[in-house]
Protein chains: 2
Amino acid sequence: MTEQNRPAKLGPVATFAGRSLEVLRDMILDGTLSPGERLNEVHLSQALGISRGPLREAIQRLASEGLVEAVTHRGVYVRSFSARELSDFYELRIALETHAVRLAARYAPQERIDELGRMLDDTESSMGSDATGSYPADPDFHARLARLAANPPLIQALTDVGRKIQLARARSAHQPRRARTALDEHRTIVAALDDRDGDHAASLLEAHLSSSLNSALAVLRAAEPD
Amino acid sequence: MTEQNRPAKLGPVATFAGRSLEVLRDMILDGTLSPGERLNEVHLSQALGISRGPLREAIQRLASEGLVEAVTHRGVYVRSFSARELSDFYELRIALETHAVRLAARYAPQERIDELGRMLDDTESSMGSDATGSYPADPDFHARLARLAANPPLIQALTDVGRKIQLARARSAHQPRRARTALDEHRTIVAALDDRDGDHAASLLEAHLSSSLNSALAVLRAAEPD
DNA sequence: ATCTCGCAAACTGTTGACAGTTGTCAGCTC
DNA sequence: GAGCTGACAACTGTCAACAGTTTGCGAGAT
């Protein structure tokens with residue numbers, strides 16, 4: 001008997017419905033499926049090589065996550081969010097993430113905070129000296145920050161709202177102009193964490209997220225000035 | 001087309017899967033299905049008078065809500081939460097609800113705050129003068145409080161975590177001894193809202209929720225001291 | 001031309017059956 | 001008696017087909 005452990009943790013979800021959920025979520029978040037677009041169950045199931053049963057189960061979860069909206073007898077649509085809804089999402093994210101950072105300031109082991117700082121160093125060096133690079137590691141930074149709170153339900157809630165924000169921003173991706181600014185703001189947050197000053201870290205984070213929101217709103221309203 | 005109105009106001013969801021979701025959620029939250037219990041798809045579908053297809057869709061949503069856990073090829077189980085998880089849920093709830101009350105202090109129309117006060121009056125008179133009554137309107141109070149923030153995603157997040165807390169507390173329902181105390185604390189929160197003092201309202205609310213958590217933990221640990 | 005009515009195509013909601021896996025238990029081995 | 005083995009029962013995952021609803025379109029009337 002080899003010590004073959006069960007693939008419970010990392011292995012792909014062994015079930016069509018579970019894998020379809022991840023595939024569909026990725027398709028929505030990377031724009032393969034656009035906001036407002038209708039999901040045709042027959043076409044999708046054929047494209048995924050499965051039948052409609054597991055596909056519908058995956059869709060139910062997406063609906064529960066708020067990424068699609070199901071209308072009875074009429075179909076499911078990729079959600080399309082208004083500027084107001086984007087603001088609400090950010091407000092929610094601020095509530096969660098500032099609380100997370102306060103918890104982190106109190107309880108996170110020093111080593112993890114140091115890791116976060118080193119990660120910013122790596123990002124900066126790979127970004128080069130010009131301020132026009134994008135900031136692909138931004139979501140990763142916030143995800144790591146959330147994990148410092150060591151509160152799984154809180155992390156999950158942040159993950160959920162983060163996905164909705166990503167969808168709401170759709171093609172209005174990060175402006176490269178803000179990349180350097182964002183990185184600097186991240187540095188100040190880590191510094192406050194290093195000082196174990198939760199209040200300061202929280203206020204810096206709130207300002208950072210507000211800037212991010214305003215930047216997104218500007219792009220959004222420039223595209224659709226309704 | 002950013003119409004976010006719900007397709008139906010009160011009528012049942014017109015679909016088996018949708019109605020089953022609500023029925024199952026109620027069964028879990030009222031204890032008809034106990035934590036740790038396994039959901040047999042065949043038995044359940046027969047009991048609900050539907051087939052396994054829509055039932056499985058409902059179960060997927062319950063899994064997404066965190067009320068059940070699905071194990072591949074082995075079945076779905078009503079989640080059973082540890083004391084630690086209950087604490088994490090409360091921590092999350094504190095983050096959300098204190099933020100909500102701050103928003104309420106800033107933006108809620110006075111009329112709604114007055115309503116909340118009158119609701120407490122009604123509760124008190126129906127509770128009688130003895131301090132031993134239960135406090136069935138407690139969840140309602142918190143739900144109304146959340147709605148004052150006028151932020152649907154925030155309200156939804158609070159609803160979700162509220163359900164998990166209800167399940168985690170299971171049969172350790174509110175102690176009647178705390179009913180009067182809780183009502184008094186609710187009054188102070190509304191008073192702070194009336195003063196538009198968000199910081200004060202938030203700190204009162206945090207203390208209130210901490211008391212609630214400690215009360216629940218005491219009952220929980222008395223029942224299962226491991 | 002425009003509006004209305006009705007029919008047909010397309011699609012979703014639901015079902016019952018099939019396939020593969022898990023858990024159990026009797027029987028056998030040591 | 002403890003532990004292994006293999007078959008059986010129960011259950012989940014998946015599929016293909018059926019049923020009811022929505023939608024688009026065209027014939028006919030105004």
Side-chain angles (χ1 to χ4, degrees), chain A residues 1-9 11-25 27-28 33-34 36-65 67-79, chain B residues 1 3 5-9 11-25 27-28 33-34 36-65 67-79:
Chain A
M1 285 294 188
T2 59
E3 49 181 46
Q4 192 71 303
N5 283 339
R6 58 199 54 186
K9 280 285 181 184
V13 186
T15 178
F16 284 171
R19 273 182 289 187
S20 301
L21 170 64
E22 295 172 13
V23 171
L24 287 176
R25 190 159 50 205
M27 290 175 74
I28 292 172
L33 296 171
S34 306
E37 186 172 345
R38 175 194 180 127
L39 305 190
N40 185 311
E41 293 183 1
V42 177
H43 295 164
L44 259 183
S45 63
Q46 287 171 352
L48 296 176
I50 62 177
S51 73
R52 285 176 53 224
L55 174 64
R56 283 174 62 89
E57 293 180 17
I59 288 176
Q60 288 297 317
R61 290 191 81 134
L62 287 176
S64 184
E65 293 178 10
L67 297 182
V68 303
E69 181 181 17
V71 185
T72 309
H73 281 298
R74 215 165 290 183
V76 309
Y77 300 82
V78 179
R79 287 228 48 185
Chain B
M1 50 189 302
E3 181 140 16
N5 281 344
R6 321 214 45 146
K9 277 191 176 181
V13 186
T15 177
F16 284 173
R19 274 182 290 187
S20 299
L21 170 64
E22 295 172 12
V23 171
L24 286 176
R25 191 159 49 204
M27 288 176 74
I28 290 173
L33 296 171
S34 306
E37 186 172 345
R38 175 195 181 128
L39 304 189
N40 184 310
E41 294 184 0
V42 175
H43 295 164
L44 258 183
S45 63
Q46 288 171 351
L48 296 176
I50 63 178
S51 72
R52 286 175 52 222
L55 174 64
R56 283 175 62 90
E57 293 180 17
I59 288 176
Q60 289 296 319
R61 290 190 81 134
L62 287 176
S64 184
E65 292 179 10
L67 297 182
V68 304
E69 181 181 16
V71 185
T72 309
H73 280 300
R74 216 166 289 183
V76 308
Y77 300 82
V78 179
R79 287 227 47 186

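Chain naming here is simple, since letters A, B, ... match the order of the sequence lines and numbering starts at 1 in each. Computed from heavy atoms alone, side chains included, the values below leave out hydrogens, waters and symmetry copies.
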Check the interface with nucleotides 8-11 of chain D: list each N/O to N/O pair with the protein under 3.5 Å, or write none.
unit_1 : atom_1 : unit_2 : atom_2 : d
D/dC11 : OP1    : B/N40  : ND2    : 2.9
D/dC11 : O5'    : B/N40  : ND2    : 3.3
D/dC11 : O3'    : B/R38  : NH2    : 3.0

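- One can place CZ of A/R19 at 12 Å from C1' of D/dG13, the figure rounded to the nearest angstrom.
- The side chain to side chain donor-acceptor pair (under 3.5 Å) check on B/S34 picks up B/R171, with sequence neighbours excluded.
- Side-chain contact between A/L62 and A/L21 is present, with at least one heavy-atom pair separated by less than 4.5 Å.
- For B/S51, the side-chain contact (heavy atoms from CB on, under 4.5 Å) partners at least two apart in sequence or on another chain are B/P54.
- Separation of atoms CZ (A/R56) and CD1 (A/I59) is listed at 7.5 Å; rounding is to 0.5 Å.
- D/dG13 atom P lies 12 Å from atom CZ of A/F16, rounded to whole Å.
- Residue-to-nucleotide proximity on DNA chain D shows that, of A/G18 and A/H73, the 5′-proximal contact is made by A/G18.
- For the contact set between residues 50-63 of chain A and DNA chain D, defined by any heavy atom under 4.0 Å, the members are A/I50, A/S51, A/R52, A/P54.
- Under the side-chain contact (heavy atoms from CB on, under 4.5 Å) criterion, A/L44 pairs with A/L24, A/L39, A/L55, not counting sequence neighbours.
- For the atom pair CZ (B/R19) and CD1 (B/I50), the distance works out to 9.0 Å, reported to the nearest 0.5 Å.
- Protein chain A contacts DNA chain C over a range whose 5' and 3' limits, counting nucleotides with an atom under 4.0 angstrom from a non-hydrogen atom, are C/dC11 to C/dT14.
- Checked against A/R61 for a side-chain hydrogen bond (donor to acceptor under 3.5 Å, both in side chains), the options B/E57, B/E65, B/Q60 give a single hit: B/Q60.
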